[in-house]
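Read the structure below first, then the notes.
We count ligands from 1, going down the list as the structure has it; atoms in each ligand are counted the same way. On a predicted model such as this, the values are computed, not experimentally measured, just so you know. Throughout, residue positions are numbered sequentially from 1 according to the sequence presented.
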Amino acid sequence: MGRRHHTSPEVHLNLNVRGLKESATLAINERCAAMQADGREVFRMGLGQSPFPVPTPVVEALKANAHQKDYLPVRGLPALRESVAEFHRRKDGLDFSGDDILVGPGSKELMFLLQLVYYGDLVIPTPSWVSYAPQAHIIGRQIRWVPTRADNGWRMTPDELAQLCQEDPTRPRIFIFNYPSNPTGGTYRVEELRAIARVAREFRIVLLSDEIYGEINHCGRHVSVARYYPEGTIVSGGLSKWCGAGGWRVGTFAFPRSLRWLLDAMAVAASETFTSTAAPIQYAAVRAFEGGLRIEQYLSHSRRILRTLGKSCARRLRAAGLDLINPKGGFYLFPSFEPHREALRARGIRSSVELCHALLEETGVAVLPGEVFGRAPEELTVRLAFVDFDGSQALAQSDVIGLRSELDDTYLESCCGKVTRAIDRICEWVGATHPAAV
Ligand SMILES: Cc1ncc(COP(=O)(O)O)c(C=O)c1O
């Protein structure tokens with residue numbers, strides 16, 4: 001008898017993704033859809049998607065390039081690689097040329113290829129973005145989590161990284177460092193970046209700096225760690241977050257010359273898997289990375305909206321007794337419900353998964369459990385994406401107000417009302433759990 005191709009348990013044993021669950025994000029989405037079908041109001045704060053539209057000049061460039069039909073070079077369209085290098089020179093003061101750039105169908109895919117071609121442990125802080133660890137798991141790499149603490153704003157310290165590396169100083173490692181952070185919204189100061197870079201250099205770590213939220217640092221002051229460890233840092237970016245183009249699937253890696261061999265190896269793997277990123281998208285992406293006044297204005301408004309909304313949500317959640325930092329970039333909050341542990345336990349809530357489940361069923365607010373970001377299951381943390389609003393309307397209204405004045409509560413109520421109502425519901429729910437808190 002030949003091999004069976006049914007769903008028998010023996011065949012499952014051959015699966016390389018054994019033990020991996022479908023992403024928690026998808027499960028929450030399905031539950032949201034079911035609740036909405038039942039006529040219940042749902043606040044979609046689970047999925048980390050930009051609320052803003054793709055800037056008009058970039059959409060126009062895509063329209064003008066709809067006819068592009070040829071396969072493109074595996075490393076990316078030369079004009080796009082040039083424009084990404086120029087973007088990093090202009091924005092980050094980093095000295096890249098087009099030859100240093102690799103373009104892929106999303107930075108997520110590039111991260112997977114990097115882990116595939118480089119034989120090393122994956123080092124990531126906890127909490128970290130949901131997909132790094134499952135990718136390492138699929139490929140069969142060891143995962144080493146570096147702890148962080150709430151009272152340090154979930155920032156990783158260089159000492160903790162050094163401690164881990166000292167166990168086996170010459171072991172090959174990829175350290176993925178993401179800031180502004182998904183899930184915490186936090187970022188790092190220049191002195192901290194320098195200190196982390198020193199440790200990375202000492203242990204010759206391949207540092208993958210995931211700066212996909214860099215352009216939406218809320219004050220427009222993102223600094224790349226590649227400035228302090230240029231020879232060992234790959235800068236990861238793309239259009240998914242700052243350009244509102246997650247569904248376009250375009251991501252970029254920028255390599256130092258000393259790591260060109262890694263770029264070459266990834267290009268080999270890419271040529272046997274995705275071949276190249278969609279041609280019309282790459283032509284349009286050239287326009288996005290070129291920037292200019294209209295795109296800078298779009299970014300200034302996006303940052304201001306996210307800054308005002310993020311701060312307001314954080315302030316109100318803190319007033320309800322939750323523990324969290326003000327976000328410094330991106331569109332996430334990572335509140336801890338630990339201060340309400342006893343009261344929540346009395347209601348049968350003992351883990352972040354149970355917490356998210358209860359929040360969704362009782363308030364209609366969908367958030368993700370801290371557990372999927374690498375936190376201990378019993379820790380009562382969640383990630384909340386404050387993106388459930390109409391980004392086009394919010395940008396248009398912000399434009400009417402002008403960049404000189406601040407946005408106020410009236411603006412937030414009228415343009416981001418769903419988010420503010422979701423926060424109200426969480427605060428009321430916590431208050432009902434623990435009346436002294438509100
Ligand atoms: C921290 C982080 N890195 C990488 C990605 C992947 O982005 P993309 O594959 O769309 O470039 C995401 C998307 O959610 C993210 O949050």
Worksheet item: Any non-hydrogen atom of Gly238 lying under 4.0 Å from ligand 1?
Response: no

Worksheet item: Parallel, tilted or perpendicular: which describes the rings of Tyr179 and Phe177, with under 30° parallel and over 60° perpendicular?
Response: tilted

Worksheet item: Can you tell which of Tyr179, Tyr213, Phe331 gets a heavy atom nearest to atom 16 (O) of ligand 1?
Response: Tyr213

Worksheet item: Looking at ligand 1, does Arg249 have a heavy atom less than 4.0 Å from it?
Response: yes

Worksheet entry | Asn326 side chain to Arg318 side chain, donor-acceptor N/O pair below 3.5 angstrom | yes

Worksheet, complete the sentence: Taking only non-hydrogen atoms of Asn178 and a 4.0 Å limit, the atoms of ligand 1 in range are 1 (C)

Worksheet item: Tyr132 near ligand 1, heavy-atom distance under 4.0 Å?
Response: yes

Practice prompt. Assign the ring pair Trp429 / Phe337 to parallel, tilted or perpendicular, where the plane angle (0 to 90°) is split at 30° and 60°.
Written response: perpendicular

Item to complete: Would you confirm whether the ring centroid of Phe331 sits within less than 6.0 angstrom of the ring centroid of Tyr213?
Response: yes

Item to complete: May I ask you to decide whether Glu192 forms a salt bridge with Arg189, counting only side-chain N to carboxylate O separations under 4.0 Å?
Response: yes

Item to complete: Among all protein heavy atoms, pick the one closest to atom 14 (O) of ligand 1 and tell me residue, atom and distance.
Response: Lys241 NZ, 2.8 Å

Worksheet item: Taking N or O atoms only and a 3.5 Å limit, does Ser107 qualify as a polar contact for ligand 1?
Response: yes

Discussion item. Hydrogens and angles aside, do Arg304 and Ser398 bring a side-chain donor and acceptor to less than 3.5 Å of each other?
Written reply: yes

Item to complete: Return a yes/no value for Glu109: is any of its N or O atoms, backbone included, closer than 3.5 angstrom to an N or O of ligand 1?
Response: no

Item to complete: Could you list which atoms of ligand 1 come closer than 4.0 Å to a heavy atom of Gly106?
Response: 9 (O), 11 (O)

Worksheet entry | Donor-acceptor side-chain pairing of Arg383 and Asn182 below 3.5 angstrom | yes

Worksheet entry | Polar proximity ligand 1 side, Asn182 side, N/O cut 3.5 Å exclusive | yes

Worksheet entry | Output field: ring centroids Trp154/Phe334 closer than 6.0 Å | yes

Worksheet item: Identify the closest protein heavy atom to atom 4 (C) of ligand 1: which residue and atom is it, and at what distance?
Response: Asp210 OD2, 3.5 Å

Worksheet item: What are the atoms of ligand 1, with element, lying closer than 4.0 Å to any heavy atom of Ser240?
Response: 8 (P), 10 (O), 11 (O)

Discussion item. Using a 4.0 Å cut-off to any heavy atom of Ile212, which atoms of ligand 1 qualify?
Written reply: 2 (C), 3 (N), 7 (O), 11 (O)

Item to complete: Tell me yes or no: between the side chains of Thr381 and Glu379, is some donor less than 3.5 Å from an acceptor?
Response: yes

